[in-house]
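Residue numbers begin at 1 in each chain, while the letters A, B, ... track the order of the sequences.
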2 protein chains.
Amino acid sequence: MTTAPPSPRVLPHPTRDEIRLDSVLHALSDPVRLRIVSELADAEAALSCSRFDLPVTKSTTTHHFRVLRESGVIQQVYEGTAKMNGLRREDLDALFPGLLDALLVAARRQAARDARV
Amino acid sequence: MTTAPPSPRVLPHPTRDEIRLDSVLHALSDPVRLRIVSELADAEAALSCSRFDLPVTKSTTTHHFRVLRESGVIQQVYEGTAKMNGLRREDLDALFPGLLDALLVAARRQAARDARV
DNA sequence: CCCGTACTACGATGGCTATCGTACAAGTCG
DNA sequence: CGACTTGTACGATAGCCATCGTAGTACGGG
């Protein structure tokens, strides 16, 4: 076995066809979660939860990541004590072509408008 | 005056730069409202509230239309006793290019998947 | 084995919100 | 005017949810 043994701590994810637009939109309608997704998209690689500097406590952060995972927006895998987060780009693009990119552009624009204060 | 006199019943709308992505996504994260927006997009013209056959009562319908208006997704104008609803396509496209179209495609795909039950 | 790091679980709380029913207002048409 | 259509206002309710704090678990390193 060259790969690490499967951790007993597995996290439930929706399969591709269990992902619902309603849930995805709800997940992204929260500013904190939208920010998480934006940073994940910029990173292009999986990031641990602690890599994010969010304006909420750790328990709230856990909550947001769970919402994103359960809606199918991100994938979470344990790696030691860290939990690595990655965008489910392939699944989202297959289900809703163009949506994720449009959302990311929109988020960037909104952030730019906000900064212009 | 060839046009109708301005009704005293005017409805508050956000200006274009008051429209926030968070609010738009939140407005669209409700299945009823997403359905309203889809039908509006298909219609290409303004529709009165009563043209929609929604699985909720009239008062709830009023509520949903107000959420859509206050988030900047639709525009509402009184025309006699009817209230005409139109998508704010120009504003949304200017603010978040490609987002509305991607959302409409996504909604259509989700509906198709749901029908495949 | 003990400690530190990373994250979770649980319970509480306050606020939002989708829903409804009923009563009402505004406008149109006979 | 009076009836009807269309939509609103208001109050109630129940459920969801973002947030927190505290206590706890899992894992890796010394």
For this session: For DNA chain C, determine which residues of residues 67-74 of chain B have any heavy atom closer than 4.0 angstrom to one of its atoms, and list them numerically.
Result: none

Exercise. Do any pairs count as a side-chain hydrogen bond (donor to acceptor under 3.5 Å, both in side chains) and have a residue in residues 92-108 of chain A, sequence neighbours left out, and if so which ones?
Worked result: A/R89-A/D101

For this session: Name all residues meeting the side chain to side chain contact (heavy atoms under 4.5 Å, CB included) criterion together with B/R35; count only those two or more places apart in sequence or in a different chain, and write none if there are none.
Result: B/E39, B/L54, B/P55

Exercise. Quick one: is C/dC20 close enough that its OP1 or OP2 comes under 4.0 Å of any side-chain N or O from B/T57?
Worked result: yes

Exercise. Is any side-chain heavy atom of B/L28 less than 4.5 Å from a side-chain heavy atom of B/V37?
Worked result: yes

Exercise. Just wondering, more than 12 heavy atoms not from A/E18 lying within 6.0 Å of its CD?
Worked result: yes

Seminar exercise, completed: So salt bridge (charged side-chain N to carboxylate O under 4.0 Å, His left out) across residues 50-70 of chain A, not counting sequence neighbours, yields none

Seminar exercise, completed: Sorted by chain and number, sequence neighbours left out, side chain to side chain contact (heavy atoms under 4.5 Å, CB included) with A/L95 holds for A/R16, A/I19, B/R113

For this session: For B/T57, check side chain to side chain contact (heavy atoms under 4.5 Å, CB included) against everything at least two apart and list the hits.
Result: B/S59, B/T60

Problem set entry | Atom CD of A/E90: over 12 foreign heavy atoms under 6.0 Å | no

Exercise. Do you reckon A/L104 sits in the same ILVMFWY cluster as B/L92, going by side-chain contacts under 4.5 Å, direct or chained?
Worked result: yes

Look for any protein N or O under 3.5 Å of an N or O in nucleotides 28-30 of chain C and output each such pair with its distance, or none.
none

For this session: Mark yes or no for whether A/H64, through its side chain, and A/T62, through its backbone, hold a donor-acceptor pair below 3.5 Å.
Result: no

Problem set entry | B/L103 side chain reached by A/F96 side chain, heavy atoms, under 4.5 Å | no

For this session: Using whole Å, report how far CD of A/Q76 lies from P of C/dA6.
Result: 16 Å

For this session: Report yes if the side chains of B/N85 and B/C49 come closer than 4.5 Å at any heavy-atom pair, otherwise no.
Result: yes

Exercise. Considering residues at least two apart in sequence or located in another chain, which fulfil the side chain to side chain contact (heavy atoms under 4.5 Å, CB included) criterion with B/A107?
Worked result: A/L21, B/L34, B/S38

For this session: Please state how far atom CG in A/L11 lies from atom C1' in C/dA9, giving the value in whole angstrom units.
Result: 14 Å

Problem set entry | Residues that A/R33 engages under salt bridge (charged side-chain N to carboxylate O under 4.0 Å, His left out), provided they are two or more places apart | none

Seminar exercise, completed: A/M84 CE to C/dT5 C1', in whole Å, measures 15 Å

Contacts under 3.5 Å, N or O only, protein and nucleotides 12-14 of chain C:
none

Exercise. So which of residues 22-53 of chain B are in contact with DNA chain C, with a heavy-atom cut-off of under 4.0 Å?
Worked result: B/H26, B/D30, B/R33

Exercise. Heavy atom of residues 58-65 of chain B under 4.0 Å from DNA chain D: which residues?
Worked result: B/K58, B/S59, B/T62

For this session: Measure the shortest side-chain to side-chain distance between A/D30 and A/V67 over non-hydrogen atoms and say whether it is less than 4.5 angstrom.
Result: no

